[in-house]
Structures are given as C-alpha cells and as structure tokens.
Q: 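This is the structure I have questions about; it appears just below.
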Amino acid sequence: MLTPKRNCYLIWGLILSVVGVILIPFIIGIPIAGVGFSMSAYGAIISFVEEFASWEDFIKKFKKMFLKMKANIQKLFVHKEADK
C-alpha cells in the first residue's frame, strides 16, 4: 500500500506534514503542514480507490477535479505581464 510508484502524493504529504509540524514554532511551518496534510489526504484517497478496479471512472474524475483546482490556483497567483 505504500509503494512510491502509486502513492507519491501520500509519501510527500507525510514528509511535508512532519517537516511542517517541526517548523510550527516558526511561522513557516503552518502552511507547510497544511499542504502536507492535504497531499497525504489526496494520496490516501487515491490509494484507497485504486484498490477497487470498478472505480476507475471515479479515479479519473477525482484526478480531473484536482487538476482543475491546480489550474485555477495558478490563474490566481501567476500573473501574466500585460501586452505591450
């Protein structure tokens, strides 16, 4: 269940969670821990759903939803320069 090939999000999420919790006394640890918790939750859901072969449609929709969220967040924080 903890193979890096399938659960890279789970492993990176756990690593970021531990680093974030260690760094909580410094303010930078709070967002790192939040990202880590989110990534580990995403990885856990994906690993659970992949155990059931009949849920392939759900996996595709779930991954598509997170890709849309990533695109929307990039639109918010990545500003293109105005045309000259």
Q: Are Leu67 and Tyr42 grouped together when hydrophobic residues (ILVMFWY) are joined by side-chain heavy atoms under 4.5 angstrom apart?
A: no
Q: I'd like to check the side chain to side chain contact (heavy atoms under 4.5 Å, CB included) partners of Leu23; sequence neighbours left out, ordered by chain and number.
A: Val19, Phe26, Ile28, Ile32
Q: Which atom pair, heavy atoms only, marks the closest approach of Ala44 to Leu10?
A: N-CD1, 4.0 Å
Q: For Lys61, give me all partners under salt bridge (Lys or Arg N to Asp or Glu O under 4.0 Å), at least two apart in sequence or on another chain.
A: Asp57
Q: Who are the side chain to side chain contact (heavy atoms under 4.5 Å, CB included) partners of Val18, not counting sequence neighbours?
A: Ile22
Q: Can you name the closest pair of heavy atoms from Leu16 and Gly36 and give their distance?
A: CB-CA, 3.6 Å
Q: Using side-chain heavy atoms (C-beta onward) and a distance below 4.5 Å, is Val21 in contact with Phe37?
A: yes
